[in-house]
Protein chains: 2
Amino acid sequence: MNGVSILKVAELAGVSTATVSRALAGKPSVSAATRARVEEAAQSLGYVVSATASGLASGRTRSVGIMMPFLNRWFFTSVMSGAHRVLTDAGYDVTLYHCEPNRLDDIHGTENDRRARLFQESLLRRRVDALLLVTLSLTATERDRLRALGKPVVAIDRPQPGIPTFAVDNLTVARSAVTHLLDLGHRDIAYVGGVIPYDLDFQVPVLRRAGYDAAMAEAGIPVRSHRAHDGDFTSAGGFDAAMRVLTEGTTRPTAIFVASDEMAYGVLSAAAALGLRVPEDLSVIGVDGHPTGDVLGLTTIDQHPAEQGATGARALLGELEPDAEHPPAQTQLPFELIVRRSTAPLQTSR
Amino acid sequence: MNGVSILKVAELAGVSTATVSRALAGKPSVSAATRARVEEAAQSLGYVVSATASGLASGRTRSVGIMMPFLNRWFFTSVMSGAHRVLTDAGYDVTLYHCEPNRLDDIHGTENDRRARLFQESLLRRRVDALLLVTLSLTATERDRLRALGKPVVAIDRPQPGIPTFAVDNLTVARSAVTHLLDLGHRDIAYVGGVIPYDLDFQVPVLRRAGYDAAMAEAGIPVRSHRAHDGDFTSAGGFDAAMRVLTEGTTRPTAIFVASDEMAYGVLSAAAALGLRVPEDLSVIGVDGHPTGDVLGLTTIDQHPAEQGATGARALLGELEPDAEHPPAQTQLPFELIVRRSTAPLQTSR
DNA sequence: GTGAAAGCGCTAACAA
DNA sequence: TTGTTAGCGCTTTCAC
């Protein structure tokens with residue numbers, strides 16, 4: 001019923017349990033011959049160290065936590081997937097924490113018990129050695145609680161004060177997307193973003209909007225407010241926002257920069273619903289590198305989310321090793337413009 | 001650095017550590033007054049029980065494992081998400097295991113070390129009290145290893161011999177989809193499925209294909225082989241399969257049943273690429289209930305994946321309680337036809 | 001390079 | 001109802 005204990009291995013190998021522990025942990029102070037005998041004994045008995053016992057004795061659990069605000073959205077799970085691979089290959093298990101975003105309409109913080117429990121209970125159970133935060137906005141209190149854990153913490157995609165962060169430069173990402181449209185001759189460029197429903201301080205949409213504003217300003221093009229609307233990072237939200245962007249006012253934009261691919265699918269659909277041809281009547285560019293963008297011909301900026309997760313995980317593993325240097329405070333990750341058929345030069349004959 | 005220990009709580013509350021343990025575990029044999037004092041002491045000290053210590057002493061880790069073949073595909077993460085919610089609300093942590101599918105071209109099982117390590121090492125670390133398998137095909141050996149753990153195991157979506165399973169009836173799902181098309185007057189109905197790349201024994205596509213065959217047979221319509229092609233459960237695969245389905249032979253099907261929504265996006269795109277209007281020239285129906293299907297107007301069969309995960313998790317929690325009855329060997333979950341604008345009555349004037 | 005022994009922080013008999 | 005005590009299965013000094 002229970003697994004084989006270290007004692008059996010010690011007996012079979014004719015050594016003490018201390019030696020078995022050392023040998024299996026790869027400690028240097030074990031002779032090659034002994035190590036071989038121990039490994040063979042362990043192998044033949046199917047012995048695997050008990051996570052709880054080892055964790056209690058050593059204080060290290062060999063598991064790391066990944067915290068994300070959404071458990072089933074492509075970007076987040078892709079980051080997670082990349083991190084998971086790196087961590088499990090290094091012998092760590094992964095515990096998944098769902099950190100529910102604080103909603104804008106709950107600005108007084110009276111709700112979100114689940115999030116409170118996460119920081120006040122779950123993390124204190126000391127089940128993990130380190131934590132990877134994916135696109136999370138923390139309050140100062142939450143950051144203090146994390147710090148109090150005394151464990152390595154790394155953030156992906158959303159810089160946190162005092163926490164090493166790996167992210168693309170979202171402002172530059174957005175600027176690059178808009179610049180692509182500008183280079184194609186577009187001037188009347190709309191923005192579909194996604195600030196609305198979540199997180200008090202969800203920075204990514206803000207930065208993408210800022211990049212849009214910056215690129216337009218550099219091109220000397222004024223941005224009118226009815227040219228920017230919020231989807232909520234869903235296809236349906238993108239559809240609604242695009243319907244407004246494309247029907248408000250007396251003229252129509254010739255291009256739209258959409259802050260995520262999944263919203264862009266909704267934008268493409270809205271264009272079709274209005275009888276607009278893409279890219280002849282309207283150019284559309286997204287962000288993320290979502291795989292369905294391929295068949296839909298969506299031009300996008302791929303930010304390689306799985307690689308982001310892998311990079312964050314490697315930084316964590318580095319910190320977990322006693323004598324490794326700490327990761328830099330903030331590291332910028334690469335991204336890549338992928339031109340497909342949803343963007344084209346401005347048609348001058350309109 | 002380390003958390004507060006049970007001893008401090010005991011001192012502050014003026015009781016023994018055993019009583020603290022009992023009180024905090026909600027054991028009945030504690031007086032209301034004592035319990036209150038203990039809880040207050042724990043609260044004021046910010047005490048949370050150590051997962052490792054509690055796990056070692058009790059043999060229960062209060063964590064459950066979720067095993068899935070893909071960590072970043074919508075269906076799987078949705079199931080996971082539903083299960084995660086139920087489990088964390090019940091006070092359990094979730095450890096995520098990636099069980100890499102065995103590829104068809106690796107039929108001799110010489111590779112896939114990661115999968116081997118999962119069953120021969122990770123699971124033996126006894127980090128979890130129970131296991132939820134999402135759409136997994138196990139070998140007999142793997143099943144034996146799971147059984148040897150002596151822990152509750154529940155499967156979602158893919159029946160496993162000897163393991164309680166929750167799933168939609170995939171044959172009926174497929175049959176319903178095809179029947180919807182038949183009811184609209186279609187006779188020449190193609191199939192885009194997805195057997196190719198993974199898992200020796202990946203049953204879902206097989207069942208969906210069987211449902212298609214059955215519905216067609218019942219309608220007395222022969223199925224010709226060039227009317228069925230495999231995508232690989234990706235949009236790109238769906239696109240390629242549809243291109244073949246729509247261009248091979250001298251006539252074109254008037255409808256396509258696609259075994260997943262994400263493939264169906266590729267099918268819609270292929271239709272557009274060929275200048276076919278949906279639904280006027282071609283009806284398309286998918287399966288899953290993927291959210292982007294909403295804006296794309298994709299008719300589908302929603303199988304409520306998050307609910308599937310929640311249901312599986314509840315069954316596991318039931319088994320974790322000593323005196324609960326075991327879940328039934330196989331339970332069929334509901335699904336729902338959602339008619340949108342990608343399907344329409346057969347146009348007789350062609 | 002290896003062993004003896006003392007915990008790690010809890011839980012679960014067993015007593016009282 | 002509560003306290004005492006013996007582990008749970010490892011890791012890690014400290015000796016040798």
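So that the names make sense, note that chain A is the first sequence line, chain B the second, and so on, each numbered from 1.
Of the candidate nucleotides C:dC10, D:dC10, D:dT2, C:dC10 has the atom nearest to the side chain of B:Tyr47. Side chain of B:Ser31, nearest nucleotide from D:dT1, C:dC10, C:dG3: D:dT1.
Rounded to an integer number of Å, the gap from CG of A:Leu7 to P of D:dT11 is 13 Å. Going from atom CD of A:Glu11 over to atom C1' of D:dG9 covers 14 Å, rounded to whole Å. What separates CZ of A:Arg37 from C1' of C:dG1 is a distance of 12 Å, to the nearest Å. In this structure, B:Arg127 atom CZ and D:dG9 atom C1' are separated by 15 Å, rounded to whole Å. Atom CG in A:Leu56 sits roughly 11 Å away from atom P in C:dT11 (whole-Å rounding). Atom CD1 in A:Ile6 sits roughly 5 Å away from atom P in D:dC10 (whole-Å rounding). Remark: P of C:dG9 and CG of B:Leu24 are 17 Å apart, rounded to the nearest angstrom. One can place CZ of A:Arg62 at 23 Å from P of C:dC8, the figure rounded to the nearest angstrom.
A:Arg35 comes within 4.0 angstrom of nothing in the nucleic acid, heavy atoms only. Residue B:Ser29 is in base contact, counting any heavy-atom pair closer than 4.0 Å across all strands shown. In this structure, A:Arg60 reaches the sugar-phosphate backbone alone: every heavy-atom distance under 4.0 Å involves primed, P, OP1 or OP2 atoms, never a base. Within the 4.0 angstrom heavy-atom criterion, only backbone atoms of the sugar-phosphate kind lie near B:Lys27; the bases stay farther away.
For the pair B:Ala18 and B:Arg126, nearest-nucleotide mapping onto DNA chain D gives the more 5' position to B:Ala18. Take the nearest nucleotide of DNA chain D for B:Ser58 and for B:Thr17: the residue whose nucleotide is more 5' is B:Thr17.
Panel note: side chain B:Glu142, backbone B:Phe119; no donor-acceptor pair is recorded below 3.5 Å. The closest donor-acceptor contact from the side chain of B:Ser44 to the backbone of B:Ala41 lies under 3.5 Å. Side chain of A:Thr331 to backbone of A:Phe166: no donor-acceptor contact under 3.5 angstrom is found. In this structure, A:Thr165 contributes its side chain and A:Ile163 its backbone to a donor-acceptor pair below 3.5 Å. With A:Asp129 contributing its side chain and A:Val64 its backbone, the two residues share no donor-acceptor pair below 3.5 Å.
OP1 or OP2 of C:dG3 lies within a sub-4.0 Å distance of a side-chain N or O belonging to A:Ser16. The phosphate of D:dC10 has neither OP1 nor OP2 within less than 4.0 Å of any side-chain N or O from A:Ser21. Using a 4.0 Å cut-off, no side-chain N or O of A:Thr52 falls inside it from OP1 or OP2 of D:dC10. Listed pair B:Thr19 / D:dT2 fails the phosphate criterion, with no side-chain N or O lying under 4.0 Å from OP1 or OP2.
Applying the 3.5 Å distance criterion, the base of C:dG3 shares a donor-acceptor pair with the side chain of A:Arg22.
Using a 30° and 60° split on the angle between ring planes, A:Phe76 and A:Phe70 fall in the tilted class, from 30° to 60°.
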